[in-house]
Amino acid sequence: EDEQIVAEIMGRRFFPDIIAYKTWEGFHFAGHEIRITEATDCYGAVVWPSALVLCYFLENNSKQCNLVDKHVIELGAGTGLVSIVASLLGAFVTATDLPELLGNLQHNILQNTKQKCKHQPCVKELSWGIDLEKNFPRSSCHFDYIMAADVVYHHPFLDELLLTFDHLCKDDTVILWAMKFRLENENRFVDRFQMLFDLQMVSNFPSLNIALYKAMRKGRMKA
């Protein structure tokens, strides 16, 4: 079953027939052909398999996870694929990443959502753990969903990432997080994450070494 579903997920990706002057990959999600411009010299400008896993889940669980008119923020949006799919599924989306990635992120989102979405997504700078209250004040920012794909790997900002999840997550916010397990750091982050949030594995793909999680604040999952 794992291999069958993984083949379906990865089958949503397609490549240009003719080499173009810009490097791009294509994807089929939410009834649309999505073209993503990439930069292979930068981690944040490449589509990783975890993003495809999350997009596949969103598309195939529209009743369980109805995004229409919901407020969504994506952490580490990178090329913007998850944010684009969430937008095409009807959400108000805020796609966030580091300042040096916003140009490519904005390009991809505009190219793939203009006049196609109920709500035009926005792109905003978010450096994990920095100026959170200033840029995303608790009193006025409310997100129904926080989404993240492949944000946990060997980087020095795991503490700041956890702080960002904590700041943005209200009692009724749902976190959807696709994660590729690589090193022991990932396991330790999950342990620390579970000190603040209840964590439920939604899907597991051993052949990709990727798990998809749903999380909410402690004691709120069943409520």
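- The pair Lys180-Asp150 does not count as a salt bridge, with every side-chain nitrogen at least 4.0 angstrom from each carboxylate oxygen.
- Gly129 and Thr164 get closest at one heavy-atom pair: N-OG1, 2.9 Å.
- When all heavy atoms of Arg13 and Val47 are compared, the closest pair comes out as NH2-O, 3.3 Å.
- Of all the heavy atoms in Met201 and Ala211, the pair that sits closest is CE-CB, 4.0 Å.
- Judged by distance alone, with hydrogens and angles left aside, the side-chain atoms of Thr96 form a donor-acceptor pair with the main-chain N or O of Glu74 at under 3.5 Å.
- A centroid separation of 6.0 Å or more is found between the aromatic rings of Phe143 and His71.
- Other residues, nucleotides and ligands contribute over 12 non-hydrogen atoms within 6.0 Å of the CD atom of Glu133.
- Here the straight-line distance linking atom NZ of Lys118 with atom CG of Leu89 works out to 12.5 Å at 0.5 Å rounding.
- Judged by distance alone, with hydrogens and angles left aside, the side-chain atoms of Asp69 form no donor-acceptor pair with the main-chain N or O of Ala91 at under 3.5 Å.
- Going from atom CD1 of Ile5 over to atom CE of Met10 covers 14.0 Å, rounded to the nearest 0.5 Å.
- Note that CG of Leu162 is 9.0 Å distant from CE of Met195, once rounded to the nearest 0.5 Å.
- Note on Phe92: it does not cluster hydrophobically with Val174, by side-chain heavy-atom contacts below 4.5 Å among ILVMFWY residues.
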Audit row: Phe136, Leu168, side chain to side chain contact (heavy atoms under 4.5 Å, CB included) steps and yes/no: CA-CA 8 Å; Phe136 299 89; Leu168 295 173; 3.9 Å; yes
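- For Phe157 and Trp128, the distance between ring centers is not under 6.0 angstrom.
- At a threshold of 4.5 Å between non-hydrogen side-chain atoms, the residues Val152 and Val190 do not count as touching.
- One distance of note links CG of Leu208 with OG of Ser203; it measures 11.5 Å at 0.5 Å rounding.
- Ion pairing between Lys170 and Asp144 fails under the 4.0 Å rule for side-chain N and carboxylate O.
- Side-chain contact between Glu8 and Arg12: present, with at least one pair of heavy atoms (C-beta onward) separated by less than 4.5 Å.
- For the pair Leu81/Cys55, a side-chain contact is recorded, criterion being any heavy-atom separation below 4.5 Å from C-beta on.
- For Phe165, the ring-ring contact (aromatic ring centres under 6.0 Å, His included) partners are Phe193, not counting sequence neighbours.
- Ring pair Phe14/Trp24 is perpendicular by interplanar angle, where above 60° counts as perpendicular and below 30° as parallel.
- Under a 4.0 Å N-O distance rule, the pair Asp166/Arg217 qualifies as a salt bridge.
- With contacts defined as side-chain heavy-atom distances shorter than 4.5 Å, the pair Met147/Leu54 qualifies.
- Contact record, Phe29 with Leu52: CZ-O, 3.9 Å, taken as the closest heavy-atom pair.
- The CG atom of Leu199 lies 10.0 Å from the CG atom of Asp191; values are rounded to the nearest 0.5 Å.
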What do the steps show when you test Asp198 against Arg220 for side chain to side chain contact (heavy atoms under 4.5 Å, CB included), and what is the final call? CA-CA 8 Å; Asp198 288 325; Arg220 300 295 301 183; 5.9 Å; no
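- Side chain of Asn104 to main chain of Thr37: a donor-acceptor pair is present (N/O by atom type, distance under 3.5 Å, no hydrogens or angles).
- No side-chain donor-acceptor contact under 3.5 Å links Asn108 and Thr79.
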Evaluation steps, side chain to side chain contact (heavy atoms under 4.5 Å, CB included), between Lys214 and Ile175: CA-CA 6 Å; Lys214 172 185 175 181; Ile175 298 171; over 6 Å; no
Output a table of donor-acceptor pairs, distance under 3.5 Å, between side-chain atoms of residues 60-67 and any protein atom two or more places apart or on a different chain; print 'none' if there are none.
| from | atom 1 | to | atom 2 | distance (Å) |
| --- | --- | --- | --- | --- |
| Asn60 | ND2 | Tyr56 | O | 2.8 |
| Asn61 | ND2 | Phe57 | O | 2.8 |
| Asn66 | OD1 | Val68 | N | 3.1 |

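- A salt bridge is absent between Asp97 and Lys124: the closest approach of a Lys/Arg side-chain nitrogen to an acidic carboxylate oxygen does not fall below 4.0 angstrom.
- Here His167 pairs with nothing under the ring-ring contact (aromatic ring centres under 6.0 Å, His included) rule; sequence neighbours left out.
- For Ala86 against Val93, the heavy-atom pair with the smallest separation is CB-CG2, 3.8 Å.
- Nearest heavy atoms, Val151 versus Gly76: CG1-CA, 4.3 Å.
- A salt bridge is absent between Glu25 and Arg35; no separation between the charged side-chain nitrogens and carboxylate oxygens falls under 4.0 Å.
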